[in-house]
Asks: 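Take this structure first; my questions come after.
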Amino acid sequence: MKKQFIVIGLGRFGSSICKELFKLGHEVMAIDSSPERVDLMRKFSSHAAVANATDEASLRELGVRNFEHAVVAIGENMQTSVLCTLMLKEIGVPLVWVKAKDLQHQMILEKVGADRVIQPENEMGIRIAHHMDSDKVVDYIDLSEDYSIVELVASEKLMDQSLLELDIRAKYQCTILAIKRGDEVNVAPMPDDQVKLDDVLVAMGHRNDLKRFEEKGI
Ligand code: ADP
């Protein structure tokens with residue numbers, strides 16, 4: 001379903017969000033104070049406008065309150081990003097996601113009402129570390145402090161065994177959400193579905209249990 005997004009701040013982070021949302025078929029309004037940055041985004045957005053993110057009148061004039069979801073991607077200038085977040089919430093944008101540069105910035109953003117705070121370098125660093133930690137990990141997503149989803153490559157240890165035989169939930173307290181084989185994804189694996197060599201298993205569980213499964217079970 002087509003949604004309406006605003007991206008404010010078109011640096012590396014903001015511009016990649018803008019391009020990707022637009023590519024996904026959504027309506028995206030791109031805003032930056034730099035005319036050059038705005039020009040670069042014209043063909044990757046539905047509307048592109050030069051405006052100061054802390055000027056409430058300009059934001060209102062651009063009709064930001066008609067959008068359901070905004071991303072504030074002004075990382076370096078903490079004051080600007082905090083003020084812009086505050087205004088977007090005041091104006092009534094239901095969802096405001098904001099990029100933070102550090103924990104202090106994150107705490108302030110949460111206080112002024114940001115719905116989600118992202119520290120891209122931090123989050124990416126954690127994911128990359130998990131890839132480096134194990135050559136079985138294909139991808140990694142944190143659900144909370146304790147729970148995660150990991151994609152793991154199946155070794156010959158699991159080859160040609162069914163999920164029932166492997167009994168992963170009982171042995172490791174992990175749930176197999178999906179099995180990927182080449183381009184195919186089995187999103188509702190049944191107990192008698194077999195695992196093949198090099199399948200990717202999408203597993204959810206407590207991080208300690210996932211680690212145990214990764215080290216001993218797969
Ligand atoms: P990244 O690290 O993702 O490249 P930056 O923090 O370098 O992000 O980029 C921030 C972007 O926000 C820049 O394009 C900059 O022009 C824009 N920006 C900074 N201050 C304002 C402001 N007051 N109003 C609108 N855009 C701003």
Side-chain angles (χ1 to χ4, degrees), residues 2-132 138-144 148-149:
K2 193 167 166 163
K3 295 184 187 165
Q4 283 83 33
F5 294 100
I6 318 170
V7 179
I8 303 183
L10 305 171
R12 285 161 306 169
F13 185 65
S15 59
S16 46
I17 291 183
C18 177
K19 282 183 184 170
E20 200 63 22
L21 287 172
F22 189 60
K23 210 160 93 184
L24 289 167
H26 298 295
E27 184 183 334
V28 188
M29 172 145 78
I31 300 174
D32 200 290
S33 53
S34 146
E36 293 79 24
R37 294 259 164 117
V38 170
D39 277 340
L40 284 172
M41 227 22 67
R42 285 202 195 280
K43 60 175 185 238
F44 303 110
S45 60
S46 326
H47 326 270
V50 179
N52 183 347
T54 57
D55 178 357
E56 189 173 345
S58 306
L59 293 178
R60 283 187 187 275
E61 213 167 291
L62 286 166
V64 298
R65 73 182 178 82
N66 301 318
F67 287 75
E68 54 200 277
H69 198 159
V71 177
V72 181
I74 303 168
E76 281 315 306
N77 192 334
M78 182 145 90
Q79 196 181 339
T80 308
S81 97
V82 171
L83 220 84
C84 178
T85 305
L86 192 63
M87 280 173 190
L88 292 171
K89 288 314 290 183
E90 287 283 323
I91 292 171
V93 178
L95 281 176
V96 180
W97 290 14
V98 195
K99 170 183 158 172
K101 62 174 178 175
D102 54 32
L103 189 62
Q104 196 188 25
H105 190 181
Q106 167 155 6
M107 282 159 62
I108 299 169
L109 289 169
E110 282 165 358
K111 279 266 183 269
V112 300
D115 297 283
R116 180 165 167 197
V117 181
I118 309 138
Q119 285 189 58
E121 290 87 352
N122 211 354
E123 290 178 18
M124 201 59 199
I126 292 170
R127 289 175 82 159
I128 299 285
H130 281 268
H131 292 202
M132 293 168 80
V138 181
D139 208 353
Y140 175 93
I141 300 165
D142 263 335
L143 296 176
S144 70
S148 315
I149 295 177

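What you see is a predicted model; the values in this text were computed from it and never measured. Note that the numbering runs from 1 along the sequence shown for the chain. Values reported hereafter were calculated over all heavy atoms of this structure, with side chains retained and with hydrogens, waters and symmetry mates removed. Counting starts at 1 for both ligands and their atoms, in listed order.
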Asks: What pair of heavy atoms forms the shortest contact from Gly14 to Val7, and how long is it?
Replies: O-CG1, 3.5 Å
Asks: Between His69 and Phe5, what is the ring plane arrangement, given parallel below 30°, perpendicular above 60°, and tilted in between?
Replies: tilted
Asks: Can you name the atoms of ligand 1, numbered from 1 with element, that are less than 4.0 Å from a heavy atom of Asn52?
Replies: 22 (C), 23 (N), 24 (N)
Asks: If you take the nearest heavy atom of each of Leu40, Asp32, Ile17, which one is closest to atom 16 (O) of ligand 1?
Replies: Asp32
Asks: Can you find an N or O of Ser33 that's nearer than 3.5 Å to an N or O of ligand 1?
Replies: yes
Asks: Using side-chain hydrogen bond (donor to acceptor under 3.5 Å, both in side chains) as the criterion, point out the one residue from Lys99, Glu76, His105 that pairs with Ser81.
Replies: His105
Asks: Would you mind running through ligand 1 and noting each atom that sits below 4.0 Å from a heavy atom of Glu76?
Replies: 6 (O)
Asks: Using atom types as modelled and distance alone, determine if a side-chain donor or acceptor of Arg127 lies under 3.5 Å from a backbone N or O of Tyr140.
Replies: yes
Asks: Look only at the side chain of Arg42 and the backbone of Ala48, and say whether a donor-acceptor pair between them is shorter than 3.5 Å.
Replies: yes
Asks: When only distance counts, is Ile8 in polar contact with ligand 1, meaning an N/O pair under 3.5 Å?
Replies: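 Checking ligand 1 against Ile8, no N or O pair falls under 3.5 Å apart.
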Asks: Ala53 heavy atoms, cut-off 4.0 Å: which ligand 1 atoms fall inside?
Replies: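 Contacts of ligand 1 toward Ala53, numbered from 1: 22 (C), 23 (N), 24 (N), 25 (C).
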Asks: Going by the order shown, which atoms of ligand 1 are within less than 4.0 Å of some heavy atom of Leu10?
Replies: 11 (C), 14 (O)
Asks: Side chain, backbone, both or neither: which applies to Ala73 and ligand 1 if a contact is any heavy-atom pair less than 4.0 Å apart?
Replies: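 Backbone only; the side chain of Ala73 stays clear of ligand 1.
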Asks: Answer with side chain, backbone, both or neither: which part of Arg12 has a heavy atom less than 4.0 angstrom from an atom of ligand 1?
Replies: both
Asks: Among all protein heavy atoms, pick out the one at the shortest distance from atom 13 (C) of ligand 1; state its residue, atom name and that distance to 0.1 Å.
Replies: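 Answer, as residue, atom name and distance: Arg37 NH1, 3.1 Å.
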Asks: Among Asp32, Val96, Val98, Ile74, exactly one meets side-chain contact (heavy atoms from CB on, under 4.5 Å) together with Ile8. Which residue is that?
Replies: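 Result for side-chain contact (heavy atoms from CB on, under 4.5 Å) with Ile8: Ile74.
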Asks: Would the distance check show the side chain of Ser46 and the main-chain N or O of Met29 forming a donor-acceptor pair, the cut-off being under 3.5 Å?
Replies: no
Asks: Would atom 7 (O) of ligand 1 count as contacted, meaning some protein heavy atom under 4.0 Å?
Replies: no
Asks: Considering the heavy atoms of Gly9, write down every atom of ligand 1 situated less than 4.0 Å from one of them.
Replies: 11 (C), 12 (O)
Asks: Can you list the atoms of ligand 1 that are under 4.0 Å from a heavy atom of Lys99?
Replies: 1 (P), 2 (O), 3 (O), 8 (O)
Asks: Is Asn77 near ligand 1, meaning one of its heavy atoms is under 4.0 Å from it?
Replies: no
Asks: At what distance is the nearest protein heavy atom to atom 9 (O) of ligand 1, and which residue and atom is it?
Replies: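 Looking only at protein heavy atoms, the one closest to atom 9 (O) of ligand 1 is Gly11 CA, 3.7 Å.
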Asks: Does the residue Ala51 have a heavy-atom contact with ligand 1, meaning some pair of atoms that are separated by less than 4.0 Å?
Replies: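 Ala51 counts as a contact of ligand 1 under the 4.0 Å cut-off.
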Asks: Quick one: pull up NZ in Lys111 and OG1 in Thr85 and give me the separation to the nearest 0.5 Å.
Replies: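 Nearest 0.5 Å value for the NZ-OG1 distance: 15.0 Å.
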Asks: Check the side chains of Glu110 and Gln106 for a donor-acceptor pair under 3.5 angstrom, ignoring hydrogens and angles.
Replies: yes
Asks: What atoms of ligand 1 come closer than 4.0 angstrom to any heavy atom of Phe13?
Replies: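 Going through ligand 1 atom by atom, the ones under 4.0 Å from Phe13 are 3 (O).
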Asks: When rounded to the nearest 0.5 angstrom, what is the spacing between CG in Leu10 and CG in Leu40?
Replies: 9.0 Å
Asks: Nearest protein heavy atom to atom 19 (C) of ligand 1, by residue and atom, and its distance?
Replies: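 Heavy-atom neighbour on the protein nearest atom 19 (C) of ligand 1: Ile74 CG2, 3.9 Å.
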Asks: Side chain, backbone, both or neither: which applies to Thr80 and ligand 1 if a contact is any heavy-atom pair less than 4.0 Å apart?
Replies: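 Thr80 to ligand 1: side-chain contact only, backbone stays beyond 4.0 Å.
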Asks: Write down the atom of Cys18, the atom of Ala30, and the distance for their closest heavy-atom approach.
Replies: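 Smallest heavy-atom distance, with atoms named: SG-CB, 3.9 Å.
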Asks: When you look at CD of Glu123, are more than 12 heavy atoms from neighbouring residues, nucleotides or ligands closer to it than 6.0 Å?
Replies: yes
